Every structure is written in structure tokens, then in C-alpha cells.
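A short write-up of the structure that comes next.
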Amino acid sequence: MLDLKFVRENPDLIRQAMELKGEEADLDGLLAKDGERRSLLKEAEELKQIRNRVSKEIGQAGGESEAVEAKKAEMREVSAQIKELDEQLRQIDSAMEQLLLNLPNLPDPVVPRGSDESDNVEVRSWGNRPEFDFTPLAHWDIGANLDIIDFPRAGKITGSRFALYYGAGARLERALFNFMLDLHTTEHGYREVFPPFLVNAASMTGTGQLPKFAEDAFRIEGTDLYLIPTAEVPVTNLHRDEILEEEQLPLYYCAYSACFRAEAGAHGRDTRGLIRQHQFNKVELVKFVRPEESMDELESLTRDAEKVLQLLELPYRVMLMCSGDLGFAPAKKYDLEVWLPAAGTYREISSCSNFTDFQARRAGIRYRPETGKKAQFVHTLNGSGVAIGRTVASILENYQQEDGSVVIPKVLHPYFNGRECITAG
RNA sequence: GGAGAGAUGGCCGAGUCUGGCUGAAGGCGCACGACUCGAAAUCGUGUGUGCCGCAAGGCACCGUGGGUUCGAAUCCCACUCUCUCCGCCA
């Protein structure tokens, strides 16, 4: 969310940002309501001032008299007017709130202009893509051949876009999030959090999933609760409506969670395999930082996520998102894309964003720069560290052998009792 | 699920029965000043947030939302959350 005063004073900047991001929002409607609100507010407050003054007089007068009765009668009328104005104000406020919640964050000046993913800029790449002297299989075939991933039965039990793991497959999933949590907590200084997987609407609004992206989330019928699309939601909302001490910053958290996404609007895309599931596992990194440090913190957050892929020896590249592919809430974002040999493409496996004060303002997360000074909004960041399902897909494909087996990345051996290879049977 | 208690400022905690001069006593913490070579202790002063306004100033906020009243932290209703006891349960 943007500051209302800022919006009022810089409508052109907002218009430019929406243009760059390709976002639509009713800015003119918001500005019109803002003017209307201020005049109503003035009127209401003047009446309240009168009421406060006269009520005090009535109290001081004590007892009953004709003069007092006259004042009461008069204030009855004033109160009725106030009630009416307050009702109008309430409606305008909530309408403005909705409009404000639908304005996108401003892109950082360094973000390249562009309309879609083809305009993203490769910042660096790492690792050597494996060369095969056979035709590499897609991970869903490898998983089926080894009998470690079962899509048909997951479909029977639940439906499409769900997966079921057996044996070494299940263990690989578990090994990966243990490995990632261990790495981030011991090497990168993150505090581990194990959050609820259901959150309320206020939390979803705080991080920006609501109100704009309601159809992307699973909602529990008859409740105010949503299945989390990412641990970003519960973890960022840890400090909702709090004022942090400056010495606490920066705060680094990492969390494993299952993630649930409705994938509305993705019909027919990535229908096979682990790439696009309604439920997947992920280790998420979340930071709360001082505003002046957030861009540096984005760099180190991205490096922390990259380290996972480096240790797993999976080739990847880092993409700087262009304005058109940036999305609603981030000011700046890097995607990590991992190599998938069967498709011969890089696929997003992590998304690292600096939201500046956009989420902090929605969620009321502030810090006090100096005792006695005014509290101000922190900057929040998060990034996948990394998505597990896509990591499994990438490992199966990059580490596959001609005989159908899959070598287990070295760094995972301790999580497999030293086992080095997944074979059929 | 049943019975009861509670929710007040950064924290603790009065005020609620008996509505008004209470944005809210007192304490802690914090900031500044005095004392000190320096510190502790002590003393003094100050210390919430948001909104409107060029300003002076005004308005709002005592869990949330309604209601009663000239006037609500205080009375009434609903809801949410917390705690205690009982029941049930992985």
C-alpha cells in the first residue's frame, strides 16, 4: 500500500508506475473520493467540536433548566447530523481503502523497462549444464520409472496438480527442506520459524495477496481462513501491528511450509510433472530491515538462495525482472531459474523481492529509529530458499543416468544415510 | 463443547459499581537536565498514534462493531481473542 498523502501529491508518479508495471487501478476515483472525504470530514469535525463544547456546558450547568433542555434539544439535532456524516465518511473511507489497496508498489529506478518476461535481464549464471549421450527424460518419467512419484494416484485421492511420493522420492523431498533449513540457519543467520499453514484475511491483506488476488488462494469455506500460498504470509505477518526496536533490525527468518495455490488462470500450463502443483513444499526466507539497507539486503538474500543451488550443483541463472514482469507488490525482484535438461529450458525456482515499505504499511510493521523519535515503516523482503518440488524435478533431470538411476547430490548424502544413488526397485 | 474471569498508553496497572473538568492516576522503562572525575543512587523536566488544517488549532482512538445519551474507557447488545476449571481429542 502506498501512503495516501504521497498518492495525493504525486499522482503522476503513480500513473507512471502503473504504466510501467502494466497494472490498472482507479487512481482518479481515489483522488476524487479523497477531496470529497476532506470536505465531509471538515464538516463533521466542526459539528463534533460544537457538540463537545455544549455537552461540557450542560455538564457544568448541572441540574435541569429550560436553557439546558434547549441545548439538549439542539445537540440532539447536531448528533443526528454527525451520525449521518460519519456514515458517509465510513463508506468513503472503506471505498478509498479498497482503491488504495489496489495500487501497485512503485518500481525501483534501476528496474529495466519492459513489458513481459522476454525483457528480463540476465544478471549472471552459474554452473555447467550436464551433457548427456542419451536423450534425457522428463522428471515425471524418471519418477514413474523409479516408482518414487505417483501422479495418477494423487489424482485419484485429490485431483489434478497433486503429487504423491514414495520411498527415496519422499526422502528426497524431506532431505531437501532439512538441508535448506540447516544451511540458512547455520550459515546465513536466519531464525527458523514453523508457522501455521492457515492464515486470516488480515494476514493475506498485509502481504498483498488480498484483495487483488483472492482467486489465486484456497479459502476454507465458512471461515475467514486461507491456505497459505507461501510461508511469506505468516512469517511477514509475525510482526504485523508492531513497533520494533532499531537494534532488533535486521531480522532474518526462514520457514519451511507447504504452499497452496489455486493456479486460477493457469489452465493447460505445465499440466505434467512437479512444476505447477496446487500443493508444494518450500523453504522461504523473510527479512525485516532498515529502509536504507533494503537494496543491499536484497542482494545478500538472493545470494543466500543461490547458495542452495550451488551446493546442490544445479546450473541456474539470475534474472532481474523488468517492470512489466515485476508484479504488484515488489519494487525490485530477482528470479533464480534452474536448468531443466528435458525441456531444455530454465525454470523459475526462486523469487527474491524487495517490497520496500509496501507490505510494511499494509501490515503496520514499524520500527523506532531512535528512542523518542517517530516510528517509521520497515522494509520487508522475501525469497524462496528454494522451492522444493522444482528442485526435485531439477535434480532428477540433471542427475539422471543412462541406466535410469539418479545420483544423489553430494551435499544430500548425510540426509540419505550416505546413500549415493536412487535406483529402481 | 459447558462454566467463570478478563482485554486500558512501550510495559505493569488505576479508573468501570456511582457517565461529564480523564488522552486517561501511579509505577517501570526511555530521553534530556542537575549532582558526580565518571557511574550507580537521588532530584527535576519530558515522554502515544492517526487524521484534517498554511497556521492557530481541531477531531478521533481505552479489544472489534453496533446501541442508549446533550455527553461513554465507564451503561446495553453482538463478536473476537486471552486466562482458569470441566468435558472431549491427535
Side-chain angles (χ1 to χ4, degrees), chain A residues 1-10 30-101 194-206 210 219-220 222-226 234 237-249 251 258 288 357 360-378:
Chain A
M1 185 162 65
L2 301 173
D3 179 46
L4 179 59
K5 268 194 203 124
F6 179 82
V7 173
R8 185 186 299 146
E9 287 160 14
N10 303 280
L30 177 62
L31 293 171
K33 283 204 162 29
D34 182 46
E36 199 182 333
R37 170 177 172 271
R38 281 192 287 171
S39 89
L40 277 170
L41 191 63
K42 184 162 180 281
E43 202 179 334
E45 289 192 350
E46 282 168 359
L47 289 174
K48 284 178 183 176
Q49 190 180 353
I50 292 170
R51 183 178 67 182
N52 287 347
R53 198 190 67 234
V54 175
S55 291
K56 198 170 279 189
E57 288 168 10
I58 293 171
Q60 283 165 346
E64 310 285 305
S65 75
E66 259 180 51
V68 165
E69 286 311 313
K71 280 180 177 177
K72 284 189 184 179
E74 197 185 331
M75 288 308 103
R76 243 191 301 277
E77 183 56 35
V78 169
S79 275
Q81 286 177 47
I82 290 172
K83 195 172 175 181
E84 206 169 297
L85 289 169
D86 275 349
E87 176 54 33
Q88 287 178 47
L89 276 168
R90 206 166 20 246
Q91 284 179 17
I92 285 187
D93 278 343
S94 76
M96 285 177 68
E97 174 86 358
Q98 288 308 305
L99 291 171
L100 208 48
L101 285 172
F194 189 67
F197 293 179
L198 291 175
V199 295
N200 56 33
S203 293
M204 290 287 274
T205 305
L210 291 180
R219 182 177 183 171
I220 308 298
T223 72
D224 180 38
L225 301 177
Y226 296 79
N237 279 282
L238 268 180
H239 295 297
R240 172 149 52 85
D241 295 323
E242 289 184 13
I243 298 174
L244 303 166
E245 295 304 323
E246 188 180 22
E247 312 84 74
Q248 292 180 261
L249 300 178
L251 283 167
F288 300 82
D357 61 2
R361 184 172 289 108
R362 286 173 164 251
I365 309 167
R366 294 174 296 174
Y367 79 107
R368 210 173 287 285
E370 230 179 287
T371 27
K373 285 279 162 59
K374 207 170 139 77
Q376 54 178 275
F377 293 110
V378 302

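Here the structure is a predicted model, which is why all the values come from computation and not from measurement. Chain naming here is simple, since letters A, B, ... match the order of the sequence lines and numbering starts at 1 in each.
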*Do side-chain atoms of Asn237(A) reach the backbone of Ser203(A) as a donor and acceptor pair under 3.5 angstrom?*
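It does hold such a pair.
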
Separation between the [atom1] atoms of [N] and [M], rounded to whole Å:
N       : M       : atom1 : value
rG63(B) : rG6(B)  : C1'   : 11 Å
rG48(B) : rA41(B) : C1'   : 29 Å
rG38(B) : rU45(B) : C1'   : 23 Å
rC85(B) : rC11(B) : P     : 27 Å
rC77(B) : rG87(B) : C1'   : 29 Å
rU8(B)  : rU74(B) : C1'   : 11 Å
rG13(B) : rC70(B) : P     : 37 Å
rA40(B) : rC81(B) : C1'   : 43 Å

*Using a 4.0 Å cut-off on protein heavy atoms (strictly under), produce a 5'-to-3' string for nucleotides 58-68 of chain B with B for base contact, S for backbone-only sugar-phosphate contact, and - for none.*
BBS-----SS-

From [atom1] of [X] over to [atom2] of [N], roughly how many Å is that when rounded to an integer?
X         : N       : atom1 : atom2 : value
Asp241(A) : rG50(B) : CG    : P     : 13 Å
Leu47(A)  : rC52(B) : CG    : P     : 19 Å
Met75(A)  : rG71(B) : CE    : P     : 9 Å

According to a strict under-4.0 Å criterion, is [X] in side-chain N/O contact with OP1 or OP2 of [N]?
X         : N       : answer
Ser79(A)  : rU69(B) : no
Arg38(A)  : rC52(B) : no
Arg366(A) : rG48(B) : no

*Using a cut-off of 6.0 Å, state whether more than 12 heavy atoms not belonging to Glu66(A) lie near its atom CD.*
no

*Are the side chains of Met75(A) and Ile50(A) in touch, meaning some heavy atoms are under 4.5 Å apart?*
yes

